[in-house]
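Quantities reported herein were computed from a predicted structural model and do not represent experimental measurements. Sequence lines set the chain letters: A, B, ... in the order given, protein chains first and strands last, and positions in each chain run from 1. Both backbone and side-chain heavy atoms feed into the values below; hydrogens, waters and symmetry mates do not.
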Protein chains: 2
Amino acid sequence: MRQVMDRQLIHGFLEQHELQHTFPNALQERIRLYHFEKGETICTEGEQLNQMYFLVKGKLKIYTVSTEGRSRLLRFKNPLDIVGDVEYLKKNLVFNTVEAVTEGDLMGISYEDITRLAYDHPPFLQFLLEEVTHKFYTESNASTLNHLNSVETRLASYFLSTATTEKSTLFYQEMKTTNLKDIADLIGTSYRHLNRVIKQMCEEGIIEKKSKRIYIKDHDLLRERAHGNIYE
Amino acid sequence: MRQVMDRQLIHGFLEQHELQHTFPNALQERIRLYHFEKGETICTEGEQLNQMYFLVKGKLKIYTVSTEGRSRLLRFKNPLDIVGDVEYLKKNLVFNTVEAVTEGDLMGISYEDITRLAYDHPPFLQFLLEEVTHKFYTESNASTLNHLNSVETRLASYFLSTATTEKSTLFYQEMKTTNLKDIADLIGTSYRHLNRVIKQMCEEGIIEKKSKRIYIKDHDLLRERAHGNIYE
DNA sequence: GTGTTTTTGGGACATATGTCCTTTTGATGA
DNA sequence: TCATCAAAAGGACATATGTCCCAAAAACAC
């Protein structure tokens, strides 16, 4: 991850994401822009973090690995998600490893600057509050879904949540930046079992694998298998 | 749940929990105090909520039930936890059912009053932000723990997190206000399997059941079984 | 194009765990 | 004290799911 010396670009991102009112002026002048490449580790579990990062371009994944070598993929991050917010608020080391799925850009603000210049600024606090609340909501939703449902239901739900429309056909596009291992780690199953469930769904005509993509063939049946749940 | 007309008591709770600065004065005069009895449902999943409740006395449990009848116990709430904060911020109906484990008291503040009188008040925003962040942290921690570990590890971790010291013996006291069904719903297993794991741990000399309590007999072995995890 | 590494796919086997049901124990109310 | 209900305990059986391993296909680097 390298710093990009480009004040114009920073202001461009602030405008693009409508953050001029969220960040007090004094804070805006202290923002740093960083560029990352695909596969780079942004920060590692257990590490000390001194900045809060606002993702303005690209995609990240958040994961953790247990001592036994099992992995959990907590979520993906898209703009305008934040890295290091909870670590700032809980005054803790990094909780989970953050890795780049694509190349992209982050705006960094030091924790000191945030405390001095923004922690009394209602628009910033409101922004942070809404961000953490959303994160909590999605975590809680996913957690409950995982808790109460089988892998099949979770997978169906996952497909529904990431489906996009191309022409008149729904398909699941994350395959381009997500491999099956990541999906297994996200919905909480082994790679092997995921394969089984995917195979079964193909045989039942619910989905179809073609050209590195998974197409939804029977949307109603998929929704039925999801039991009304959607990962969010 | 019935309202208690006692301004003195409200101010007593504000002092006890050091909230005088968190809540702007105008807001403090609009706080309502409610009393609840053990077993009462404070609010139900899917219901419309108009107030944010601050728990000042007693204990609550938060749970949800799937369409198939499976239950998940998300967490317990103690003073000064909040009910209705995420619903306020996400502008949504109640996500999970809240039920009283003991009798107690709640201070209620209408969403309108919060928006008018406190959503620009930095101390209140900071308080809310720290509360939601903590909630997110514990949810994420529990979720990862559940994801990556067996029921045995989760149960061991649970015992460690609720253990208290009496004399020189560590024991697990939540049994008094928590039944085995709740524990099963919390760590994400069936009641039957929980019984098996508890029985096994008793046979191995890790814990001992006596007088409606579970005593930790071998703290080191328990910590080993928890794999260094603690529910929080 | 070739060689290497990574991702996908699937067989075989084991077991952690859930469902269903029954019995026992303990708590509660009259 | 007795009757009823709820919580705890446990048997029997089934299966969802994980581990381990190997083969095939795809991606990547030179």
Side-chain angles (χ1 to χ4, degrees), chain A residues 37-39 61 65-66 68-73 99 101-102 145-156 158 172 174-204 207-214 225 227, chain B residues 37-39 61 65-73 99 101 145-156 158 172 174-204 207-214 225 227:
Chain A
E37 298 295 340
K38 176 177 174 173
K61 72 176 178 181
V65 183
S66 76
E68 284 79 27
R70 301 195 60 174
S71 309
R72 181 196 178 199
L73 180 58
E99 184 181 306
V101 177
T102 66
L145 198 158
N146 289 340
H147 209 109
L148 300 179
N149 294 284
S150 66
V151 168
E152 189 197 27
T153 303
R154 293 184 234 157
L155 184 61
Y158 174 75
Y172 156 61
E174 288 295 333
M175 213 55 182
K176 283 195 278 188
T177 54
T178 316
N179 58 41
L180 293 180
K181 179 69 167 70
D182 279 346
I183 299 178
D185 289 348
L186 181 67
I187 67 176
T189 189
S190 63
Y191 173 82
R192 180 69 189 84
H193 195 53
L194 178 65
N195 261 124
R196 272 198 284 250
V197 179
I198 286 181
K199 181 177 178 180
Q200 187 199 315
M201 280 187 175
C202 288
E203 287 166 359
E204 292 173 319
I207 58 175
E208 176 182 40
K209 289 175 103 175
K210 207 190 305 183
S211 314
K212 309 219 37 205
R213 295 176 176 199
I214 294 188
R225 293 297 164 78
H227 291 164
Chain B
E37 299 294 338
K38 176 176 175 175
K61 73 176 179 182
V65 183
S66 76
T67 46
E68 283 79 29
R70 299 196 61 176
S71 308
R72 181 197 179 200
L73 179 59
E99 184 183 307
V101 176
L145 198 158
N146 289 341
H147 209 108
L148 301 178
N149 293 281
S150 66
V151 168
E152 188 196 29
T153 303
R154 293 183 235 160
L155 183 61
Y158 175 76
Y172 155 60
E174 288 294 330
M175 217 47 184
K176 283 195 275 187
T177 54
T178 316
N179 57 42
L180 292 180
K181 180 67 168 64
D182 280 347
I183 299 178
D185 288 347
L186 181 67
I187 68 176
T189 190
S190 64
Y191 173 82
R192 178 69 189 85
H193 194 55
L194 176 65
N195 260 122
R196 272 196 284 249
V197 178
I198 287 181
K199 180 175 176 178
Q200 187 200 313
M201 280 188 177
C202 287
E203 286 165 358
E204 292 173 320
I207 58 175
E208 176 184 38
K209 290 177 106 181
K210 210 191 307 183
S211 313
K212 311 215 38 198
R213 296 178 173 196
I214 294 188
R225 293 296 164 81
H227 291 161

Evaluate the criterion side chain to side chain contact (heavy atoms under 4.5 Å, CB included) for residue pair A:Lys209 and A:Cys202; output intermediate values, then yes/no. CA-CA 8 Å; A:Lys209 289 175 103 175; A:Cys202 288; 4.2 Å; yes

Can B:Leu155 and B:Ile183 be said to form a side chain to side chain contact (heavy atoms under 4.5 Å, CB included), step by step? CA-CA 8 Å; B:Leu155 183 61; B:Ile183 299 178; 4.0 Å; yes

Does the pair A:Leu180 and A:Ile198 meet the rule for a side chain to side chain contact (heavy atoms under 4.5 Å, CB included), with working shown? CA-CA 10 Å; A:Leu180 293 180; A:Ile198 286 181; 3.8 Å; yes

Please step through side chain to side chain contact (heavy atoms under 4.5 Å, CB included) for the pair A:Val65 and A:Arg70, ending with a clear verdict. CA-CA 6 Å; A:Val65 183; A:Arg70 301 195 60 174; over 6 Å; no

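Among the nucleotides C:dT17, D:dA7, D:dG18, the one closest to any side-chain atom of A:Arg70 is D:dG18. Which of C:dT8, C:dG18, D:dA9 sits closest to the side chain of B:Asn195 comes down to D:dA9. Side-chain proximity of B:His193 to C:dT17, D:dA8, C:dT8: nearest is C:dT17. In the set D:dA8, D:dT17, C:dG9, the nucleotide with an atom closest to the side chain of A:Thr189 is D:dT17. Considering only the side chain of A:Lys209, C:dG9 comes nearest among D:dT17, C:dG9, D:dG18.
As a whole-Å value, the separation of A:Lys181 NZ from C:dT5 P is 20 Å. Regarding A:Tyr191, its OH atom lies at a distance of 18 Å from the P atom of D:dT17, rounded to whole Å. Separating the CG atom of B:Leu194 from the P atom of C:dA16 is a distance of 16 Å, rounded to the nearest angstrom. B:Ile207 has its CD1 atom 14 Å from the P atom of D:dA8, to the nearest Å. Between the CG atom of B:Leu180 and the C1' atom of D:dA6 there is a distance of 13 Å, rounded to whole Å. Going from atom CG of A:Leu155 over to atom C1' of D:dT17 covers 14 Å, rounded to whole Å. When the P atom of D:dC28 is taken as reference, atom NZ of A:Lys38 falls 7 Å away, rounded to whole Å. Taking atom CG on A:Asn179 and atom P on D:dC28, their separation rounds to 12 Å, with Å as the unit.
Distance alone, capped at 3.5 Å, places no donor-acceptor pair between the A:His193 side chain and the A:Val151 backbone. The main-chain N or O of A:Ile187 is found under 3.5 Å from a side-chain atom of A:Arg154 such that the two form a donor-acceptor pair. For the pair B:His227 (side chain) and A:Ser66 (backbone), a donor-acceptor distance under 3.5 Å is absent.
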Tabulate atom names and distances for all N/O pairs under 3.5 angstrom spanning the protein and nucleotides 11-13 of chain D.
residue	atom	partner	partner atom	Å
D:dG11	N7	B:Arg192	NE	3.4
D:dG11	N7	B:Arg192	NH2	3.0
D:dG11	O6	B:Arg192	NE	2.8

N/O to N/O distances under 3.5 Å, protein versus nucleotides 22-27 of chain C:
none

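The side-chain heavy atoms of B:Asp185 and B:Arg72, taken from C-beta on, include no pair separated by under 4.5 Å. Side-chain contact between A:Ile214 and A:Glu208: absent, with no pair of heavy atoms (C-beta onward) separated by less than 4.5 Å. For the pair A:Val101 and A:Lys38, the minimum side-chain heavy-atom distance is 4.5 Å or more. No side-chain heavy atom of A:Arg225 sits less than 4.5 Å from a side-chain heavy atom of A:Thr153.
Within 4.0 Å (heavy atoms only), A:Ser190 reaches at least one base atom of the nucleic acid.
Comparing the start and finish of the helix from C:dG1-D:dC30 to C:dA30-D:dT1, five pairs each, the helix axis swings through 60°, to the nearest 10 degrees.
Here OH of A:Tyr158 is found 13.5 Å from CG of A:Leu145. Values are rounded to the nearest 0.5 Å.
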